[in-house]
There are 2 protein chains.
Amino acid sequence: MAGVTERMLALLATLQSGHTFTGPELATRLGVSARTLRRDITRLRSYGYPVHTQPGPGGYYRLATGAALPPLTFDDDEAVATLLALAALAARTPTTDQTGPAGRPGAVRDAATRAYGTLDQLLPARLRPRLVALRASLEASAFAMPPVSAEHLARLGEAIAAQEVVTFGYTDAGRARTERRVEPYRQVHHLGQWYLLAWDAGREDWRTFRVDRMTDLRRTHRPYTPRELPATSALAYLREGLQRDRHPATLVIEAPAEAVLEVFAFDDVTVEPLGPDRTRLTVAVDSWHRLLLGLAFLDADFSVTTAPELAEPFGVFGARLLAAAGSGTSAAAP
Amino acid sequence: MAGVTERMLALLATLQSGHTFTGPELATRLGVSARTLRRDITRLRSYGYPVHTQPGPGGYYRLATGAALPPLTFDDDEAVATLLALAALAARTPTTDQTGPAGRPGAVRDAATRAYGTLDQLLPARLRPRLVALRASLEASAFAMPPVSAEHLARLGEAIAAQEVVTFGYTDAGRARTERRVEPYRQVHHLGQWYLLAWDAGREDWRTFRVDRMTDLRRTHRPYTPRELPATSALAYLREGLQRDRHPATLVIEAPAEAVLEVFAFDDVTVEPLGPDRTRLTVAVDSWHRLLLGLAFLDADFSVTTAPELAEPFGVFGARLLAAAGSGTSAAAP
DNA sequence: ACAGATGCGGCCAGGTTCCGGCCACATCTG
DNA sequence: CAGATGTGGCCGGAACCTGGCCGCATCTGT
């Protein structure tokens, strides 16, 4: 709590992200009580910033666009966060997928690597030693991901802002290539992937596309009239769509809900406590392997309530494990 | 003159023009004494604003915006990559853990949110519209992670650069809290977590610590003489054993060596072909879970030749899988 | 229709911060 | 060297900020 003004600037920077925040959330971030936050918001309004609010459940604070902000700079923490974010992004390794059309120029990962190296040139000199030291101390593990073109994401962003139809070639999971003509609405980040939510003019329906699977992305400069989104948020729609392709499964696990949640934190799951040591887990995974890993970590009994297709791989692999366990014990006496 | 904050914002707005102003002039504009103006300038500087001044006749105050920077600035792709990286980092949600004392100040996530909102102001005006459009088009899914302190990471980075012993309190997975005194070497990013690789002076051995589990991190200003790292990279060490005990194990897998190598590419393994469809795998894993995942993906029979300690978990988990597989088939008709 | 979540603003007591004035000093121009 | 201008320490009184508590308004979901 170092001064009102600093906090106000932090509040502005936070709201400028364009997201919505609840009161308690903002108060926590700024390290003040909810009451003081309300006062800060009032103050912000008195200075002319258009802060929209919504009471009731799902209430929020949001900064309307178009506000002329004071010049904002990075403080230490922001510089550190930026460096870390870039480090994590730069650590991505292109999947050993088919190399495709001569590598993708302007891959986000490469740009992140370059930015990671030169970030300190951009920032005030006083942050430099800190960043240099930090960068020298970091190491990041590779994380296989299909390469995404920064140019594509930027171009889509502009098309969305301009409400302009775009066209591209799309290679779906089955390797079938089609030409698309869509009205783009949102770009959604989910589990390391970037998706585009758009109205597909050819199919006359909402679709999500993986940005990394697009080629020949072109803006047409032809405007479209916005439609109402098919869900409260693009993310919600994306989730629904992804679940459709995947295998939703429901399991009952003999472990506390917190433990289950911790193990599956990375995934798209719903956790529902059934008792102190019993939890229902609903999960949509693209393969049963990831599920397996989580279950192994939990070290608890479980049963599959829906998703009979899991029975076979679970049975086969369980048998293999038992066989290996048997062969192991025969030789040794620790 | 209604409050400090408003005056500070007015001061910023005034200085933002890029012109120079004398002290008395600014003081008059803001309606305060020259003394107070100096204090305001000091405050601005403490927030990170580069306010240039010049004493003597013709002296001035001037805000050095990002204009006069070295030629090395961000290009389009780098700016886009930075924005995306921050978006992903800002999307993190603190785990419901909440053990800590009511919110950790300086959480990386909060800083990332602010930086995400602010980034366009730091970059050349040319890039700004592009970034604004891009940011408005993005949405990111929440990602539960324990909050990490930016301050801790930065401080550790500096201690590593200075080769300085640090002390901290550490709460391990079992919630036991201990005081540590270590020689820090590297910070490693792995699956969304930050780890510190250090020589634990008390334990006389190498250890890895999760940065989010540290409290009261302090630099001692006591230098240490560097030791040879226990592995070629900190990451390799981390992979070998996140916990202290690493169990080397040897397995024979009924699959081609290339397939095995691909699955275990990121781990520290030795692969030795025994035949066209038979491979010996030597692996040092901290826990059997990771091994399990690889084996599941391989979809091949295997046997454990050394490492009897694997027999029990494999047996237990195999039995659980079989039980679940049985229960699944019995109930489902669809 | 009701309960609960969420935002709003009044009131108050305590303490932190801010303010203006004064001064000695550093730095630079002419 | 003189004067203009920025710097920062010190001080006492005043202004402001903060957190807690309250009752109220608004909205969602059951």
Side-chain angles (χ1 to χ4, degrees), chain A residues 1-12 14-15 19-64 126 229 231-233 235-236 240 270 272-273, chain B residues 1-12 14-15 19-64 93-94 96 98 101-103 105 142:
Chain A
M1 54 177 80
V4 188
T5 306
E6 185 168 25
R7 192 178 64 233
M8 295 294 288
L9 291 171
L11 177 56
L12 268 177
T14 304
L15 288 173
H19 298 144
T20 64
F21 301 87
T22 69
E25 158 116 42
L26 283 177
T28 306
R29 285 180 182 241
L30 300 173
V32 294
S33 72
R35 184 67 188 86
T36 297
L37 171 76
R38 287 201 293 279
R39 270 190 277 253
D40 285 355
I41 294 288
T42 305
R43 203 167 353 202
L44 222 48
R45 288 203 177 107
S46 80
Y47 300 158
Y49 291 98
V51 183
H52 289 192
T53 55
Q54 170 73 38
Y60 60 77
Y61 292 87
R62 191 166 60 81
L63 184 62
R126 59 171 239 286
L229 284 177
T232 54
S233 79
L235 185 58
E240 289 169 19
T270 311
E272 184 188 350
Chain B
M1 61 163 112
V4 188
T5 306
E6 186 166 21
R7 191 179 67 235
M8 295 297 286
L9 291 176
L11 177 56
L12 271 174
T14 306
L15 288 173
H19 299 147
T20 64
F21 301 87
T22 68
E25 172 166 13
L26 282 177
T28 307
R29 281 186 186 231
L30 300 173
V32 293
S33 71
R35 182 66 187 89
T36 298
L37 171 76
R38 289 201 291 280
R39 270 191 278 251
D40 285 356
I41 294 289
T42 305
R43 201 168 354 201
L44 272 192
R45 289 209 176 101
S46 81
Y47 299 159
Y49 290 91
V51 184
H52 286 196
T53 55
Q54 172 71 39
Y60 60 83
Y61 291 87
R62 189 167 61 83
L63 184 60
T93 300
T96 50
Q98 105 274 324

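Predicted model only: the values in this text are computed from it and were never measured. First the proteins, then the strands, lettered A, B, ... as listed; each starts at 1. Both backbone and side-chain heavy atoms feed into the values below; hydrogens, waters and symmetry mates do not.
A straight line from OH of A:Y61 to C1' of C:dT6 spans 8 Å, rounded to a whole angstrom. The distance from atom CG of A:L26 to atom P of C:dC8 is 11 Å, rounded to the nearest whole Å. Taking atom CG of B:L37 as the reference point, atom P of D:dT7 lies 9 Å away to the nearest angstrom. As a whole-Å value, the separation of A:E6 CD from C:dT16 C1' is 16 Å. One can place NE2 of B:H52 at 18 Å from P of C:dT27, the figure rounded to the nearest angstrom. Here D:dC17 presents its C1' atom at 16 Å from CG of A:L11, a figure rounded to the nearest Å.
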Report, one line per pair, each donor and acceptor closer than 3.5 Å where one atom sits in a side chain of residues 51-64 of chain A; sequence neighbours left out.
from, atom 1, to, atom 2, distance (Å)
A:T53, OG1, A:R45, NH2, 3.4

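The phosphate of C:dT6 (OP1 or OP2) has no side-chain N or O of A:T53 nearer than 4.0 angstrom. Between A:T22 and the phosphate of C:dT6, there is no side-chain N or O to OP1/OP2 separation shorter than 4.0 Å. Close to D:dA4, at under 4.0 Å from its OP1 or OP2, lies no side-chain N or O of B:Y60. Between B:R7 and C:dC18 there is no side-chain polar atom (N or O) within less than 4.0 angstrom of OP1 or OP2. One finds a side-chain N or O of B:R43 lying less than 4.0 angstrom from the OP1 or OP2 phosphate oxygen of C:dC19.
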* Nucleotide-resolved protein contact map, nucleotides 23-30 of chain D, B/S/- at heavy-atom distance under 4.0 Å -> ---BBS--
Strictly under 3.5 Å: I want the nitrogen or oxygen pairs between protein and nucleotides 9-13 of chain D, one per line.
from, atom 1, to, atom 2, distance (Å)
D:dG9, N7, B:R35, NH2, 3.4
D:dG9, O6, B:R35, NE, 2.7

